[in-house]
Amino acid sequence: MIDRVFLMTDAEVANFIVHGYHLVQPDLPEGLNERIATRLDTLESNPGDAITETVPELWQVLEHPAIRGVLVSLLGEDYQVNAHRHWHCKPPGSGYMHWHQDSTNNRDIRINRFLGLYYPRDVTADMGPTIIVPGTQFRNAPTDRMATYTNIRGQIPLVVKGGTVAFTHYDLWHGTSANRSDVKRHMIKFLFSRTHENVAPTWYHTPEALDGAIDWNQHDRAQDVRNILTFGNPLRVSQSDHYKERSIRWQAWRYLMGEKATEAVESE
Amino acid sequence: MFSEILSLTLIEPVKGYRVELTAEEPQWSYRTVHDALTDGWQIVQFPHLQASFDDTDLDVIGYEFILQKMEVVYD
């Protein structure tokens with residue numbers, strides 16, 4: 001069992017559903033991030049899924065309780081570290097990467113898989129950070145249809161400290177900017193999966209989490225589940241899209257709470 | 001037309017011109033499409049308002065206007 005101090009709270013889970021990402025900076029052993037970054041600097045070819053064999057210290061990151069806490073919270077105790085993982089290196093002078101969703105575009109209320117992006121080295125704005133668009137994870141968007149978008153209001157560059165792990169919803173829109181620095185930007189992408197559907201919350205859930213009333217003054221700033229799921233609007237879309245988002249979020253919440261996916265949808 | 005712009009791509013018809021995602025906060029000259037119209041831009045394509053519609057699902061960010069502005073440039 002993992003110490004509950006490392007588990008996500010109700011508000012953090014609700015925020016993940018709404019915004020599609022959650023950042024963690026685990027207290028890793030001194031020098032570990034630097035050793036991993038230095039090792040990656042020297043790689044001459046990309047080992048693909050074998051990156052964890054080439055750089056076995058990466059397992060220390062995955063096994064840190066702060067990382068396990070998020071995985072248990074969103075996927076259950078028996079989560080799976082998928083065999084697919086990838087080292088994304090943006091060397092100096094590399095260009096930007098346009099908006100895309102990974103895989104095909106199939107919107108799903110189930111949170112059964114998501115990504116963990118580990119950055120062993122500080123990422124500054126000129127190093128080609130990953131850029132995400134919070135709130136886009138429920139939008140089916142073929143890459144070609146996004147070709148005319150460039151910068152989007154509310155986009156967030158993951159300018160982070162070395163050692164940060166960004167957990168991102170699998171369908172979150174993302175890209176990168178160009179690397180105009182003289183430093184390699186490293187990111188290791190991990191994929192995590194659920195092996196069993198929840199029958200109960202697996203995060204640090206308090207039953208009264210849903211007792212909060214709708215707060216028409218604070219809206220999602222009230223930071224309780226009901227108001228986060230109801231009012232959160234990171235893209236600042238207008239009414240009809242916002243209502244659809246709200247409906248999908250509650251379905252996702254109920255699914256994580258232990259309802260079967262079909263029931264979570266039908267009870268809407 | 002009067003809604004706040006969610007995304008804006010400026011394309012200059014100049015050889016070698018590129019657009020790209022940036023880590024810096026985008027600074028746009030206009031808050032709405034209408035703001036751009038008052039600055040000399042003309043609409044060359046309206047969004048496809050009669051496009052297929054789904055009442056429960058979400059997809060791309062729609063309501064995309066294409067504007068054009070002609071200017072004389074002296075090199």
Side-chain angles (χ1 to χ4, degrees), chain A residues 95-99 101 105-107 123-133 135-159 171 173-181 235-238 240-245 247-248 251 265 268, chain B residues 1-39 41-71:
Chain A
Y96 87 104
M97 176 184 263
H98 205 77
W99 299 123
Q101 290 176 304
N105 312 106
N106 293 301
R107 198 267 290 164
V123 180
T124 55
D126 61 347
M127 282 172 65
T130 307
I131 306 179
I132 58 174
V133 192
T136 50
Q137 64 275 13
F138 297 126
R139 293 179 171 272
N140 296 329
T143 308
D144 287 349
R145 289 282 303 276
M146 292 195 275
T148 54
Y149 306 154
T150 313
N151 293 299
I152 297 174
R153 190 174 65 197
Q155 69 189 41
I156 292 181
L158 295 179
V159 173
D171 298 318
W173 296 10
H174 59 282
T176 72
S177 59
N179 186 349
R180 294 197 167 82
S181 75
L235 261 181
R236 284 154 61 194
V237 294
S238 56
S240 60
D241 271 17
H242 184 46
Y243 293 151
K244 291 181 206 175
E245 286 178 348
S247 167
I248 294 166
Q251 292 169 25
V265 172
E268 181 55 34
Chain B
M1 182 76 74
F2 296 101
S3 298
E4 270 193 71
I5 293 168
L6 277 173
S7 178
L8 184 150
T9 302
L10 188 66
I11 300 173
E12 293 274 9
V14 176
K15 207 167 187 175
Y17 186 83
R18 294 281 183 275
V19 294
E20 59 179 76
L21 305 188
T22 60
E24 294 76 28
E25 182 83 13
Q27 300 293 327
W28 297 328
S29 305
Y30 310 108
R31 198 177 61 85
T32 66
V33 170
H34 186 261
D35 282 351
L37 297 184
T38 63
D39 191 37
W41 290 81
Q42 296 178 318
I43 295 172
V44 297
Q45 183 174 300
F46 279 89
H48 296 288
L49 299 176
Q50 305 300 322
S52 57
F53 166 74
D54 188 306
D55 203 25
T56 55
D57 254 330
L58 292 157
D59 50 34
V60 294
I61 303 168
Y63 307 103
E64 211 170 359
F65 286 82
I66 298 176
L67 311 180
Q68 174 181 265
K69 186 179 187 182
M70 308 290 276
E71 289 183 326

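Quick note on labels: first sequence line is chain A, next is B, and so on, each numbered from 1. The figures here come from the full heavy-atom set of this structure, side chains too, leaving out hydrogens, waters and symmetry mates. Please read all numbers here as calculations on a predicted model, not as lab measurements.
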Which heavy atom in B:Val19 sits nearest to a heavy atom in A:Tyr96, and how many Å separate them?
O-CE2, 3.2 Å
With a 4.5 angstrom heavy-atom cut-off, could you sort out which part of A:Met127 is near chain B: side chain, backbone, both or neither?
neither
Atom pair OG1/CG of A:Thr150 and B:Leu21 - distance to nearest 0.5 Å
7.0 Å
At a heavy-atom separation under 4.5 Å, does A:Glu245 approach chain B through its side chain, its backbone, both, or neither?
both
Less than 4.5 Å to any heavy atom of chain B: does that hold for the side chain of A:Ile152, its backbone, both, or neither?
both
Mind checking the CE-CG spacing from A:Met146 to B:Asp59? Nearest 0.5 Å is all I need.
11.0 Å
Structural part of B:Leu8 lying under 4.5 Å from a heavy atom of chain A
backbone
Would you say the side chain of B:Thr22 lies within less than 4.5 Å of the side chain of A:Asn151, judging by non-hydrogen atoms?
yes
Which bit of A:Trp99 is near chain B, if near means a heavy-atom gap under 4.5 Å: side chain, backbone, both or neither?
both
If one checks every heavy atom of B:Glu25 against chain A at 4.5 Å, the contacting part turns out to be neither
Let me know if B:Ile66 has heavy atoms under 4.5 Å from chain A in its side chain, its backbone, both or neither.
neither
Got a sec: does the CZ of A:Arg153 have more than 12 other heavy atoms crowding it under 6.0 Å?
yes
B:Gln42 atom CD, over 12 foreign heavy atoms within 6.0 Å:
no
Just how far is it from atom CG of A:Leu235 to atom CD1 of B:Ile61, taken to the nearest 0.5 Å?
5.0 Å
Can you name the closest pair of heavy atoms from A:Pro129 and B:Ala23 and give their distance?
CG-CB, 3.7 Å
Relative to chain B, which segment of A:Thr176 carries a heavy atom at a distance below 4.5 Å: side chain, backbone, both, or neither?
backbone
Judged by atom type as modelled, is there a donor-acceptor pair below 3.5 Å linking the side chain of A:Tyr149 to the main-chain atoms of B:Val60?
no
Roughly how far, to the nearest 0.5 Å, is the NE2 atom of A:His242 from the CG atom of B:Leu58?
11.5 Å
Could you check which of B:Ile5, B:Thr9, B:Leu10 has the highest count of heavy-atom pairs closer than 4.5 Å to chain A?
B:Thr9
Salt-bridge criterion met for A:Arg180 and B:Glu20 (N-O under 4.0 Å)
yes
